[in-house]
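Naming: A, B, ... by sequence-line order, numbering from 1 per chain. Values in this document were obtained by computation on a predicted structure and should not be read as measured data.
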There are 2 protein chains.
Amino acid sequence: MSEPRWLTSEQMRAWRGYLGLVRVLDDRLSRDLQERSGLSMADYEILVRLSEAPERRLRMTELAQAAMVSKSRLSHQLTRMELRALVRREGCPSDGRGTFAVLTQQGYAVLAAAAPGHVASVHEHLLDRLTPEQVSTLGDLSEAVLVHLPPPSGPRCPPGRAGREAVAVADERA
Amino acid sequence: MSEPRWLTSEQMRAWRGYLGLVRVLDDRLSRDLQERSGLSMADYEILVRLSEAPERRLRMTELAQAAMVSKSRLSHQLTRMELRALVRREGCPSDGRGTFAVLTQQGYAVLAAAAPGHVASVHEHLLDRLTPEQVSTLGDLSEAVLVHLPPPSGPRCPPGRAGREAVAVADERA
DNA sequence: TGTCAGTGGTTGAACTGTCAACCTTGATGA
DNA sequence: TCATCAAGGTTGACAGTTCAACCACTGACA
């Protein structure tokens with residue numbers, strides 16, 4: 001390590017802004033969603049992913065990759081959601097180790113009810129505050145960063161980083 | 001509520017990109033910091049805030065506002081950091097209810113040792129991936145959102161929202 | 001057929017964050 | 001001086017996350 005590089009004032013403004021944005025926006029959207037639908041952002045994302053999948057079901061590992069969460073976290077998360085009958089687990093006939101996460105009717109209904117309000121929040125607190133150019137730059141900039149960064153997985157990043165195709169994270173509709 | 005408004009494809013790209021960015025970047029920076037310095041991002045932020053304050057001390061409430069965290073969270077956080085001798089609490093002579101959080105010598109040393117590596121991570125994973133225009137837009141866009149959003153505080157947003165001056169979040173140096 | 005490494009997934013303990021209740025002290029006003 | 005209310009802060013119970021085992025099963029190969 002040579003001379004430490006500090007930040008220019010523009011970089012500082014961007015970085016501090018980013019940190020503030022994340023903290024405050026996440027807080028606001030989570031609260032809105034929780035109050036209006038009784039769902040956490042994590043719940044919501046799982047429901048969206050499953051709703052988009054063929055037959056509304058996905059193997060645990062696929063779901064974890066899609067949602068960019070660890071298998072452990074997904075497993076705990078699914079256990080909680082299963083207790084609320086939003087999803088259910090099913091064994092995989094062709095692979096005795098495998099488990100499917102399956103969206104229940106009720107889970108679908110809850111998601112469908114939650115989606116309009118959630119999207120409205122995203123508009124109200126984020127998108128409507130930005131110019132079209134800023135929206136577009138946000139997309140570009142996120143992609144530019146994500147291209148160089150492996151998704152979070154276990155405690156240590158495995159040497160052969162797999163699953164690089166899906167760079168985005170779902171979150172929008174039923 | 002009238003017709004639900006969905007997202008245009010540009011909006012969707014921005015929103016999914018943002019979600020992916022946050023998840024992956026936070027994960028990466030947290031890990032780097034933890035591995036190199038044994039600090040969490042939350043630890044780091046507290047240390048930075050205190051290091052910038054006069055006499056390296058701040059009242060709990062001021063610190064909580066500056067760091068945009070709840071008082072409860074800060075209290076727990078400080079208890080943990082106190083056990084590691086990074087900070088210490090001191091009573092406030094002029095107000096019997098008050099408590100100061102004070103940066104210790106050791107806390108300062110740990111921060112000073114951690115800062116270059118952390119800043120390097122921010123460069124490597126975020127700033128160096130972006131054009132100067134994108135950096136600038138990130139700053140603008142964050143500010144545009146934050147201006148309309150109160151900082152997270154208690155369970156419910158109090159009607160008179162206080163402490164609106166500090167919109168950014170510190171995170172950069174010792 | 002038996003072994004054995006790797007994959008898919010779960011579990012429990014430790015840690016972090018949230019919420020609501022609580023305690024103490026200060027400020028206000030009768 | 002006393003009652004009352006607000007402010008500053010802490011606490012304990014609980015929800016969610018991470019980490020490191022762990023178990024069950026598959027696939028390959030001897």
Side-chain angles (χ1 to χ4, degrees), chain A residues 23 26-28 30-31 33-35 38-46 58-65 67-84 87 89-102 152-160 162-163, chain B residues 23 26-28 30-31 33-35 38-46 58-65 67-84 87 89-102 152-160 162-163:
Chain A
R23 188 151 322 166
D26 179 78
D27 182 79
R28 178 82 261 134
S30 301
R31 271 177 213 283
L33 185 58
Q34 186 70 53
E35 284 170 19
L39 295 174
S40 68
M41 296 276 272
D43 293 332
Y44 189 86
E45 166 141 31
I46 299 303
L58 236 26
R59 288 287 294 270
M60 293 298 280
T61 295
E62 292 178 286
L63 182 51
Q65 284 176 355
M68 296 209 253
V69 299
S70 69
K71 288 196 285 186
S72 166
R73 177 167 164 181
L74 178 61
S75 186
H76 286 299
Q77 173 81 37
L78 229 78
T79 300
R80 275 172 257 136
M81 293 176 74
E82 207 169 10
L83 290 175
R84 294 188 284 153
V87 298
R89 279 183 236 242
E90 277 181 25
C92 175
S94 64
D95 184 340
R97 299 165 299 181
T99 306
F100 278 103
V102 187
S153 42
R156 194 62 52 225
C157 304
Chain B
R23 187 153 320 167
D26 179 78
D27 183 79
R28 179 80 261 132
S30 300
R31 270 177 213 282
L33 184 59
Q34 186 71 51
E35 285 169 18
L39 296 174
S40 67
M41 296 277 272
D43 294 332
Y44 189 86
E45 167 142 31
I46 299 302
L58 236 27
R59 288 286 295 269
M60 293 298 279
T61 295
E62 293 177 286
L63 183 51
Q65 283 176 354
M68 296 209 253
V69 298
S70 69
K71 289 196 285 185
S72 166
R73 176 167 165 181
L74 177 61
S75 186
H76 286 299
Q77 174 81 34
L78 229 78
T79 300
R80 277 173 254 139
M81 293 176 74
E82 208 170 8
L83 290 174
R84 295 188 285 152
V87 297
R89 278 184 236 242
E90 277 180 26
C92 175
S94 64
D95 184 340
R97 297 166 300 181
T99 306
F100 278 103
V102 186
S153 44
R156 192 62 53 222
C157 304

Quickly work out the [X] [atom1] to [N] [atom2] distance and round it to whole Å.
X      : N      : atom1 : atom2 : answer
B:M81  : C:dT16 : CE    : P     : 11 Å
B:L83  : C:dC15 : CG    : P     : 11 Å
B:E45  : C:dT16 : CD    : C1'   : 16 Å
B:Q34  : D:dT17 : CD    : P     : 18 Å
A:F100 : C:dG8  : CZ    : P     : 13 Å
B:E35  : D:dC19 : CD    : C1'   : 13 Å
A:R31  : C:dC19 : CZ    : P     : 5 Å
A:E62  : C:dT7  : CD    : P     : 16 Å

### Task
Give a yes/no answer on whether the side chain of A:Q77 brings an N or O atom under 4.0 Å of OP1 or OP2 in D:dG16.
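Looking at the OP1 and OP2 atoms of D:dG16, neither is under 4.0 Å from any side-chain N or O of A:Q77.
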### Message
Donor-acceptor check, side chain of B:S75 to backbone of B:K71, threshold 3.5 angstrom: yes or no?
### Response
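Side chain of B:S75 to backbone of B:K71: no pair is present.
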### Query
Between the side chain of A:R23 and the main-chain N/O of B:A67, is any donor-acceptor distance below 3.5 Å?
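Checked: pair present.
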Quick check: any donor-acceptor pair below 3.5 Å linking the side-chain of [X] to the base of [N]?
X     : N      : value
A:T79 : C:dT10 : no
B:R97 : D:dA7  : yes
B:R73 : C:dT18 : no
A:S72 : D:dT17 : no

### Task
Map A:P93 and A:A42 onto DNA chain D by nearest heavy atom, then report which one ends up closer to the 5' terminus.
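It is A:A42, whose closest nucleotide lies nearer the 5' terminus.
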### Query
Closest nucleotide of DNA chain C for A:H76 versus for A:D95: which of these residues is on the 5' side?
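The residue mapped nearer the 5' terminus is A:D95.
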### Query
So what does A:S75 hit on the nucleic acid, given a heavy-atom distance under 4.0 Å: a base, only sugar-phosphate, or nothing?
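Base, at least one base heavy atom under 4.0 Å.
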### Query
A:R80 near the nucleic acid: base, sugar-phosphate alone, or nothing, with a heavy-atom cut-off under 4.0 Å?
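Base contact.
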### Nearest listed nucleotide, side chain of B:R59, among D:dG9, C:dG9, C:dT10
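Nearest to the side-chain atoms of B:R59, counting from C-beta on, is D:dG9.
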### Message
Please report the interatomic distance CZ(A:R59) to CZ(A:F100), rounded to the nearest 0.5 Å.
### Response
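Rounded to the nearest 0.5 Å, the CZ-CZ separation comes out at 5.5 Å.
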### Task
Before giving the answer on side chain to side chain contact (heavy atoms under 4.5 Å, CB included), spell out for B:D43 and B:R84 the whole-Å C-alpha distance, their side-chain angles and the decisive distance to 0.1 Å.
CA-CA 11 Å; B:D43 294 332; B:R84 295 188 285 152; 2.7 Å; yes
### Query
Between A:Q77 and A:V69, is a side chain to side chain contact (heavy atoms under 4.5 Å, CB included) present by the stated rule, with each step listed?
CA-CA 10 Å; A:Q77 173 81 37; A:V69 299; over 6 Å; no
